[in-house]
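Okay, structure first, notes after.
Each chain gets a letter, A, B and so on, in the order the sequences are listed, and its residues count up from 1. In this text the structure is predicted, and so the values were computed from the model without any measurement.
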Number of protein chains: 2
Amino acid sequence: MGHAVGEVARMSGQTVRTLHHYDRIGLLVPAERTPADHRSYSHQDLERLRQILTYRELGFALGQIATLLDDPTAHTRTHLARQHRLVTERIDRLREVAQALEHLMEAETMNLNLTPAERLELFGDFDVDAHSEEAHRRWGRTDAYAQSQGRVNAYTKADWGRVNAESEEIYQALARTMREGTPADNTEAMDLAERHRAHITRWFYDCTPQIHRGLGRMYADDERFTATVDAHAEGLSAYLREAFAANAARLRDDQG
Amino acid sequence: MGHAVGEVARMSGQTVRTLHHYDRIGLLVPAERTPADHRSYSHQDLERLRQILTYRELGFALGQIATLLDDPTAHTRTHLARQHRLVTERIDRLREVAQALEHLMEAETMNLNLTPAERLELFGDFDVDAHSEEAHRRWGRTDAYAQSQGRVNAYTKADWGRVNAESEEIYQALARTMREGTPADNTEAMDLAERHRAHITRWFYDCTPQIHRGLGRMYADDERFTATVDAHAEGLSAYLREAFAANAARLRDDQG
DNA sequence: CCTTGCCCCTGACGCGACGTCAGGACCCAG
DNA sequence: CTGGGTCCTGACGTCGCGTCAGGGGCAAGG
């Protein structure tokens with residue numbers, strides 16, 4: 001009926017030393033000891049461990065976790081509900097980070113000079129500061145790290161030259177169709193939008209139609225980008241916004 | 001042209017001590033010192049700090065970050081692209097966590113006895129183990145923690161009794177409509193589905209129509225849930241899946 | 001009966017990423 | 001010339017473990 005420490009370690013993906021530690025600090029004291037003084041974890045202990053790991057994944061200190069879990073008024077469901085809220089909040093935060101990175105990459109390709117404050121914007125905000133830890137093990141193991149390295153193509157300066165030329169060409173083509181009076185939701189304009197999206201996906205990150213539509217909005221709404229884009233042709237940023245949106249809608253309809 | 005350490009600390013949301021630390025270990029050495037030996041950070045230093053903070057948010061150890069950033073073949077855009085990939089991967093992982101929590105909450109309300117292995121499933125998988133840290137400061141400050149506490153209603157045992165009675169009632173009602181031959185996409189069935197969704201949102205977490213549709217699939221596909229649901233009436237789980245999906249589709253169409 | 005393995009135990013020290021004083025310098029304002 | 005604010009460099013403390021070191025329990029095999 002009881003589980004040995006090694007067994008629990010394997011099941012939970014923790015080390016034995018970690019479980020020893022949790023025992024010592026009173027965070028997770030196994031229900032029993034065998035005659036040979038071995039730790040014996042009950043099912044309740046395991047559920048408690050799950051709670052601990054979830055809170056830990058969310059970044060709580062072990063002491064905090066202890067007070068949370070030892071609160072007698074808190075039911076298991078209370079914890080689950082709270083954990084769920086925290087996880088979704090964290091996801092929202094990371095989406096902001098992802099968007100900021102997309103923003104920065106665009107600024108990079110456009111040679112925009114963002115001020116330090118603009119670049120650090122994401123971190124300057126109140127609560128942000130520290131998350132992390134995750135990778136002390138995840139990237140600490142050299143093999144996992146090497147794998148991660150391998151997956152990132154090491155672009156050369158020549159590559160980046162080509163990237164810039166390519167994106168420049170796409171902008172020129174879009175500026176032309178705009179000047180010719182082609183509506184933004186015309187196939188020709190949408191195809192160019194799609195080419196732009198493919199360009200980003202190829203060189204930077206997986207740019208979904210949704211993200212791409214967001215990019216278009218940014219071009220039109222963020223004056224720094226508007227200025228750079230409209231340098232190609234007056235009103236191009238608004239045109240891009242429409243073309244990207246039309247293309248995204250087209251792709252969604254194709255999907256069903 | 002240079003920024004003082006306190007200034008940088010405020011902009012980036014870090015403490016002065018942290019910047020001292022990064023200087024000492026050579027991770028971020030300010031470009032200059034004033035005659036009074038004060039640190040003076042250049043714009044490049046600030047961009048490097050931004051890179052550092054992003055990698056740190058993703059959980060890299062400072063030593064790893066140093067080797068990443070000092071790789072001469074890596075361009076700024078290479079880092080941005082890699083960071084973007086890492087962030088989206090992390091989001092995917094957290095979505096799994098959120099779904100697992102939804103799963104566990106359902107199991108809880110149905111009084112399902114999941115095995116320890118099933119409960120720990122999420123953590124047993126290879127790479128998972130440690131994330132976290134985030135909250136040493138975020139929840140370490142007592143006020144922020146208190147706020148988080150306040151937002152979670154402390155349900156009593158009586159409350160949970162009512163919750164169970166309520167969900168039982170909804171299931172009964174749905175079983176009735178099913179037995180009467182009402183199709184799952186009928187308004188009556190969809191209204192009951194919506195009541196179920198509201199019930200979850202009220203007591204557990206913000207259950208979006210999409211999540212709710214996922215729940216319906218789980219009822220039908222996971223045999224442990226199927227057994228419990230079908231105990232009310234044979235085939236109810238499949239009926240729920242259809243009703244939840246129909247309701248989700250209805251809500252989406254209402255939105256536009 | 002004794003050895004070999006394997007898993008378990010308890011210290012005790014080490015480390016990474018800072019926090020927290022302690023003691024002192026600079027510099028402008030009143 | 002006395003504050004107040006910001007800066008500096010040690011040096012020690014903390015948290016969440018990792019990593020030995022030294023030893024026990026127990027089944028299988030020689």
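For residues 20-31 of chain A, the set of pairs meeting the side chain to side chain donor-acceptor pair (under 3.5 Å) definition, not counting sequence neighbours, comprises A/H20-A/R39, A/Y22-A/R56, A/D23-A/R33, A/D23-A/R39.
Contacts of residues 21-29 of chain A with DNA chain D (heavy atom under 4.0 Å): A/H21, A/Y22.
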**Message:** What verdict does the salt bridge (charged side-chain N to carboxylate O under 4.0 Å, His left out) test give for B/D92 and B/R95, after you've listed the backbone C-alpha separation in whole Å, the side-chain angles of each residue and the deciding distance to 0.1 Å?
**Reply:** CA-CA 5 Å; B/D92 291 344; B/R95 267 206 272 263; 3.7 Å; yes
**Worked check of salt bridge (charged side-chain N to carboxylate O under 4.0 Å, His left out) between A/E106 and A/R224** = CA-CA 11 Å; A/E106 285 307 301; A/R224 302 184 304 260; over 6 Å; no
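Axis angle, first five pairs versus last five pairs of the helix from C/dC1-D/dG30 to C/dG30-D/dC1: 20°, rounded to 10°.
Atom CZ of A/R33 is separated from atom C1' of C/dC9 by 8 Å (rounded to the nearest Å). Computed from coordinates, the B/Q64 CD to C/dG16 P distance equals 13 Å when rounded to whole Å. Between the CD1 atom of A/I52 and the P atom of D/dC17 there is a distance of 10 Å, rounded to whole Å. Nucleotide C/dG19 holds its C1' atom 14 Å from the CG atom of B/L19, rounded to whole Å. If you measure from atom CZ of A/F60 to atom P of D/dC15, you get 17 Å, rounded to the nearest angstrom. For the pair A/H20 NE2 and C/dG11 C1', the computed distance is 12 Å after rounding to whole Å. If you measure from atom CG of A/L62 to atom P of D/dG16, you get 4 Å, rounded to the nearest angstrom. One atom, NE2 of B/H38, and another, P of C/dA25, lie 12 Å apart when rounded to the nearest Å.
No hydrogens or angles considered: a donor-acceptor pair under 3.5 Å links the side chains of A/R50 and A/T54. No side-chain N or O of B/E57 forms a donor-acceptor pair with one of B/Q83 less than 3.5 Å apart.
The A/T18 side chain lies nearest to D/dC17 when the options are C/dC9, D/dC17, D/dC8. Distances were taken from every side-chain heavy atom of B/R39 (C-beta onward) to each of D/dC8, C/dC9, C/dA17; the shortest belongs to D/dC8.
You'll find the side chain of B/Y205 stays beyond 4.5 Å of the side chain of A/R82, heavy atoms only. Side-chain contact check for B/T88 versus A/D206: every heavy-atom pair is 4.5 Å or farther apart. Counting heavy atoms from C-beta outward, A/H103 and A/F225 have side chains that approach closer than 4.5 Å.
Phosphate proximity of C/dG19 to B/T15: present, with a side-chain N or O under 4.0 Å from OP1 or OP2.
Among the heavy atoms of the strands lying under 4.0 Å from A/V5 are primed sugar atoms or P, OP1, OP2 only; no base atom is included.
Using cut-offs of 30° and 60° on the angle between ring planes, the pair A/Y55 and A/H79 is perpendicular.
Two residues, A/A36 and A/V16, neighbour DNA chain D, and the one matched to the more 5' nucleotide by heavy-atom proximity is A/V16. DNA chain C is contacted by both A/R17 and A/D37; A/D37 maps to the nucleotide lying nearer its 5′ end (nearest heavy atom per residue).
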